[in-house]
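Here's the structure we're looking at; comments come further down.
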Amino acid sequence: MTTYTKEQIKQLLKIYFIMGSNNSTSDPEFILEEALKGGISVFQFREKGDGALMGEDKIQLAMRMQELCKQYHVPFIVNDDIELALSVNADGVHIGQDDENAIKVRKMLGNKLLGVSAHSIEEIQAALDAGADYIGIGPIYPTSTKKDAKAVQGTSLVEIVREKNFSIPIVGIGGITVENARPVIQAGADGVAVISEISMAENPYKQTIELRKAVFDQA
Ligand code: TZP
Ligand code: MG
């Protein structure tokens, strides 16, 4: 388990920004810094898909993005690549169902954060048993960012998890925007994870602030 409390993790998940170099048309480091200034609460480095950097280029970008996150005291999480996460001493790792086994990853990570994507109660229970710190649920809405995304599920699984009184921190993901973020929180998610809503925004700084309003002002 991590050095964070469950409540702290729930706060970290509020505005969860994910990006790799191929998720934007402009400089990814510029976008990350704008998002950090706007108030993201955690960042996930997700360097995958068409045109993704590999080898030393990937490591160097990860380290520069990690440094930016440190300046703003925002945790830096690595998607899938446990070796990279350990070598740069990241704050955590996020894995999907097709990645390394969660029990094994938990052991490798020690007290770093472990997030797991899950699409059913069974997968959520297995992630909990493996010692996951939080669960990613989605795609909530249609997304064109992840080509192999599972079927859109709306907020139903988030609601079911809360009805069952699971207190695990949850972040919703997939097609989330300033306009449609509120129902995700109202369904019981602690936060929203977004790629394109910030990475493709005309003004990533302002978009982050707007997303914060949607998540925090639930009126
Ligand atoms: N996992 C489920 S949907 C998704 C991931 C990584 C993509 C989210 O991207 P966007 O642009 O916020 O829809
Ligand atoms: Mg994965």
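Both ligands and their constituent atoms are indexed starting at 1 by order of listing. Every value quoted in this text rests on a predicted model; they were computed, and no experiment measured them.
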Any donor-acceptor N or O pair under 3.5 Å, side chains Y4, Y134: no

Protein N/O near ligand 1 N/O, under 3.5 Å, which pairs?
from	atom 1	to	atom 2	distance (Å)
ligand 1	11 (O)	T145	OG1	2.5
ligand 1	11 (O)	S196	N	2.9
ligand 1	11 (O)	S196	OG	2.5
ligand 1	12 (O)	I195	N	2.9
ligand 1	13 (O)	T143	OG1	2.6
ligand 1	13 (O)	G175	N	2.8

Looking at residues at least two apart in the chain, or sitting in another chain, which of them share a side chain to side chain donor-acceptor pair (under 3.5 Å) with K14? none

Per side-chain contact (heavy atoms from CB on, under 4.5 Å), Y205 is matched among E33, E210, E34 by E34

Donor-acceptor side-chain pairing of Q125 and D129 below 3.5 angstrom: yes

Across all chains, not counting sequence neighbours, the side chain to side chain donor-acceptor pair (under 3.5 Å) partners of D98 are none

Can you list the residues that meet the salt bridge (Lys or Arg N to Asp or Glu O under 4.0 Å) rule with K104, with sequence neighbours excluded? E100

Considering only N, O or S atoms, which atom of D99 is nearest to the Mg ion (ligand 2)? OD2

Could you verify whether a donor N or O on one side chain and an acceptor N or O on the other, from K48 and N22, lie under 3.5 Å apart? no

Using only N, O or S atoms, tell me which atom of D80 is closest to the Mg ion (ligand 2). OD1

